[in-house]
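As structure tokens, the structure follows; a few thoughts come after it.
Numbered from 1 within each chain, the chains take letters A, B, ... in sequence-line order.
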Amino acid sequence: MARRVERKPVVAVGVTIVFFAWLYLPILAVALFSLNDKKSLSSFSGFSLRWYDDLVHNEALLDSLVASLQVAAAATLGSLVLGTMLALGLERIRGRRGNLIGAVTLLPLVTPEIVTGVAALLLFTGIGLKLSLTTVVLAEITFSIAYVTVIVRGRLAGIALEVEEAARDLGCTPFQAVRLVILPMLLPALLGAGLLVFALVFDDFVLAFFTTGVDPQPLPVRVYSSIRFGVSPAINAIGTLMLLASALLIVAALVLPRLLGRGTSSLDLITGGRR
Amino acid sequence: MAAPTAEATRRTAPRSAQRTRLWALLLALPTAWMMTFFVSSMVIVVLLSFGRTTNDGFPAFALRTDNYEALWNDVYLELFLRSLGYALATVAISLLIAYPVAYVIALHGGRYKNALIAAIVVPFFASYLIRMYAWKALLSDDGLVNSALRNLGLSDGITFLNTSYAVVGGLVYGFVVFMILPIYASLERLDTSLIEAGKDLYHGPVRTFFFVTVPATRAGLYGGILLVFLPALGDFVSAQLLGGAGTFMVGNLVQQQFMEGQNWPLGSALTVGMMTALTVLMVAYLRATSTQAREL
């Protein structure tokens with residue numbers, strides 16, 4: 001659609017350019033100084049991979065990395081299953097009960113993470129669960145279900161009810177209609193939601209901070225405790241890797257669903273959908 | 001004989017009823033999950049906020065209002081007001097940044113629109129912690145900004161960290177995307193002929209902007225304000241990493257009560273206080289948007 005807006009708003013364009021510089025400058029500085037061969041964070045004296053080499057030999061950090069990957073994978077799987085069930089149920093059950101359940105599942109999205117984290121900590125200690133990676137996974141699933149539900153519901157809304165009716169007319173039981181017809185159509189949305197949740201959980205600090213046990217701690221929790229004591233090139237190195245990993249995951253979450261099918265992608269969730 | 005009977009009843013049962021049963025079955029597990037892990041955990045926070053700490057230092061349920069009374073003193077009040085001030089400043093600055101950026105991308109982005117939005121989204125969804133750390137590294141006394149200032153002979157170095165500016169700056173950096181996206185979405189949907197008409201009627205881009213464009217994107221504005229305010233008020237990472245004891249927010253106090261001070265009942269009361277403030281805001285938001293829906 002051709003837009004007929006005459007002049008470029010100069011001030012707004014200026015703000016936008018400055019914004020992008022402001023957005024990327026700190027991140028690029030971290031990446032640049034992770035490759036510095038001296039400990040300085042302000043003068044770049046030479047290219048070196050020594051901080052990355054240190055990382056590879058840091059057992060505790062590697063344990064944390066593995067722990068974070070496990071937590072993210074388990075939470076992604078769990079929230080995909082629960083979130084999809086919820087989306088299917090909510091999309092077809094209308095009325096007051098559906099609205100109430102829908103609202104409750106969206107609550108974690110608008111609750112500050114610190115509140116969710118504190119509440120989860122109280123619940124787990126209250127019922128006598130020892131804090132560990134398992135409790136982190138439970139908390140992260142609870143938090144991530146909403147993302148999956150929103151994305152899958154967005155896609156479901158685009159699938160005509162007639163498709164399901166047709167499957168039923170051809171002899172499918174309701175369950176078969178979902179399994180053989182609806183789920184395959186949801187695949188791009190599930191892929192996008194899965195990648196998004198994996199990235200969010202992998203990077204998540206606040207929930208993990210409140211619900212983790214002592215050893216091994218998820219990567220962001222460990223990184224946080226070293227950041228508190230100051231800035232160092234080693235943190236630059238691990239930070240750069242974390243930024244790269246999540247950037248790749250998010251890009252995949254945005255792009256892959258579009259490649260797989262004309263469905264909605266996670267970007268539509270974020271921007272409120274295409275019209 | 002049982003199987004055919006079952007088959008027969010299934011055939012005769014109305015299709016919608018069968019479907020409803022399946023959907024209800026699908027809903028059961030996630031609903032139970034949310035009740036167990038989310039709703040009940042919130043209930044525990046509320047209950048414990050009326051609790052007490054036993055003599056050997058363990059939290060216990062009780063029915064007393066001591067924790068809330070303890071909140072009513074100058075130190076905590078100042079902390080609450082400071083958090084509120086920081087969160088409001090964060091919303092205001094985010095608004096000033098987000099509107100022009102969203103406007104330029106939505107109305108002048110052309111075929112680069114999606115790429116530009118992705119360029120904003122990708123770094124924002126990457127580790128919040130690392131992005132806060134990036135600012136800490138940049139602004140620290142021997143960081144890039146200060147060394148640049150020194151090299152240019154402009155100053156002997158400025159202490160950025162441990163100031164309110166650093167904390168609010170961190171919050172804006174952390175959450176401005178939640179302002180950009182809803183405003184962008186509503187600008188995307190905006191019928192540009194409205195702007196044309198406004199220009200015909202009001203003669204001037206500035207008046208058109210404030211009397212046509214801004215009101216037409218109210219939904220996005222309200223959404224953005226809410227989405228920035230909520231996490232900003234509850235944040236503790238920015239104040240922890242970029243600030244100091246003088247810039248602590250409610251989140252820092254909550255974190256201390258739970259992870260360091262070990263006064264969980266007091267921490268719960270603080271959390272409930274924070275949630276109450278946020279709920280009031282949520283309700284205001286919902287009322288504002290539903291009034292708007294009625295007007296349309």
* For B:Tyr99 and B:Thr217, run side-chain hydrogen bond (donor to acceptor under 3.5 Å, both in side chains): C-alpha distance rounded to whole Å, both residues' side-chain angles, the deciding distance at 0.1 Å, then the answer. => CA-CA 10 Å; B:Tyr99 212 100; B:Thr217 52; 2.6 Å; yes
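Judged by distance alone, the side chains of B:Tyr173 and B:Ser238 never bring a donor and an acceptor atom under 3.5 Å apart.
B:Gln255 touches chain A through backbone and side chain together, each having a heavy atom under 4.5 Å away. Using a 4.5 Å cut-off between heavy atoms, B:Val272 makes no contact with chain A at all. Neither the backbone nor the side chain of B:Phe209 comes within less than 4.5 Å of any heavy atom of chain A. Contacts between A:Ile227 and chain B at a heavy-atom distance below 4.5 Å involve backbone atoms as well as side-chain atoms. For a residue to count as touching a neighbouring chain, one of its non-hydrogen atoms must lie under 4.5 Å from one of that chain's; by this rule A:Phe205 touches chain B with the side chain only. In this structure, chain A has no heavy atom under 4.5 Å from any part of B:Val250. A:Val206 touches chain B through its side chain: at least one heavy atom from C-beta onward sits under 4.5 Å away, while N, CA, C and O do not. Contact of A:Thr149 with chain B is not made at all, since no heavy-atom distance falls under 4.5 Å. Of the atoms belonging to A:Ala199, not a single heavy atom falls under 4.5 Å from chain B. Contacts of A:Phe143 with chain B are absent, with no heavy-atom separation under 4.5 Å from either backbone or side chain. Only the side chain of B:Met34 comes within less than 4.5 Å of a heavy atom of chain A; its backbone N, CA, C and O stay farther away. With a 4.5 angstrom heavy-atom cutoff, A:Leu200 touches chain B only via side-chain atoms. For B:Leu48, the part sitting under 4.5 Å from any heavy atom of chain A is the side chain, from C-beta outward, and nothing else. Using a 4.5 Å cut-off between heavy atoms, A:Ile235 contacts chain B through both its backbone and its side chain. Within the 4.5 angstrom heavy-atom criterion, only side-chain atoms of B:Ser268, from C-beta onward, approach chain A. With a threshold of 4.5 angstrom between heavy atoms, B:Met282 approaches chain A through side-chain atoms but not through N, CA, C or O. Neither the backbone nor the side chain of B:Val145 comes within contact range of chain A; no heavy atom of the residue lies under 4.5 Å from a heavy atom of that chain. For chain A, no part of B:Val46 is nearby; none of its heavy atoms comes within less than 4.5 Å. Both the backbone and the side chain of A:Asn236 come within less than 4.5 Å of a heavy atom in chain B. For a residue to count as touching a neighbouring chain, one of its non-hydrogen atoms must lie under 4.5 Å from one of that chain's; by this rule B:Ala102 does not touch chain A. With a 4.5 angstrom heavy-atom cutoff, A:Phe20 touches chain B only via side-chain atoms. With a 4.5 Å cut-off on non-hydrogen atoms, B:Ile120 touches chain A through its backbone and its side chain both. Both the backbone and the side chain of B:Leu116 come within contact range of chain A, judged by heavy atoms closer than 4.5 Å. Heavy-atom distances place the side chain of A:Val178, and not its backbone, under 4.5 Å from chain B. Neither the backbone nor the side chain of B:Phe178 has a heavy atom closer than 4.5 Å to any heavy atom of chain A.
A:Val197 approaches A:Ser79 most closely through the heavy-atom pair CG1-OG, 3.6 Å. Considering every non-hydrogen atom in both A:Val137 and A:Ala75, the closest pair reads CG1-N, 4.1 Å. When all heavy atoms of A:Pro220 and A:Ser68 are compared, the pair lying nearest together is CD-OG, 3.5 Å. Here the closest heavy-atom approach between residue B:Met42 and residue A:Thr116 is recorded as CE-CA, 4.2 Å. Closest of all the heavy-atom pairs between B:Thr36 and A:Leu123 is O-CD2, 3.6 Å. In terms of heavy atoms, B:Ala119 sits closest to A:Leu23 at O-CD2, 4.0 Å.
Annotation: side chain of B:Asp235 is in contact with side chain of B:Tyr128 (closest heavy-atom distance under 4.5 Å). In this structure, A:Leu138 and A:Leu129 have side chains that are in contact, with non-hydrogen atoms separated by less than 4.5 Å. B:Glu188 has its side chain within reach of B:Lys113: a pair of non-hydrogen atoms, C-beta onward, lies under 4.5 Å apart. Between B:Trp135 and B:Leu138 the shortest side-chain heavy-atom distance falls below 4.5 Å. Using a 4.5 Å heavy-atom cutoff, the side chains of B:Ile97 and A:Val18 are not in contact. A 4.5 Å side-chain heavy-atom check between B:Met249 and B:Asn252 finds at least one atom pair inside the cut-off.
Ranked by heavy-atom pairs under 4.5 Å with chain A, the list B:Pro231, B:Pro123, B:Gly143, B:Ala137 is led by B:Pro123. The greatest number of non-hydrogen atom pairs below 4.5 Å with chain B, out of A:Leu243, A:Leu248, A:Ile127, A:Leu244, is found for A:Leu243. No other option in A:Leu121, A:Val15, A:Leu122 has as many heavy-atom pairs under 4.5 Å with chain B as A:Leu122. Between chain A and the residues B:Phe124, B:Trp33, B:Phe258, the most heavy-atom pairs under 4.5 angstrom are made by B:Trp33. When A:Val118, A:Val13, A:Thr240, A:Val81 are compared by the number of non-hydrogen pairs under 4.5 Å with chain B, A:Val118 comes out ahead.
Taking CZ of A:Phe210 as the reference point, atom CE of B:Met259 lies at 6.0 Å (rounded to 0.5 Å).
When the shell of 6.0 Å around OH of A:Tyr24 is examined, it contains more than 12 heavy atoms from other residues, nucleotides or ligands.
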Could you pull out every donor-acceptor pair under 3.5 Å between side chains of residues 102-115 of chain A and any protein atom, sequence neighbours left out?
residue	atom	partner	partner atom	Å
A:Thr105	OG1	A:Ile101	O	3.1
A:Thr105	OG1	A:Gly102	O	2.7
A:Thr111	OG1	A:Leu107	O	2.7

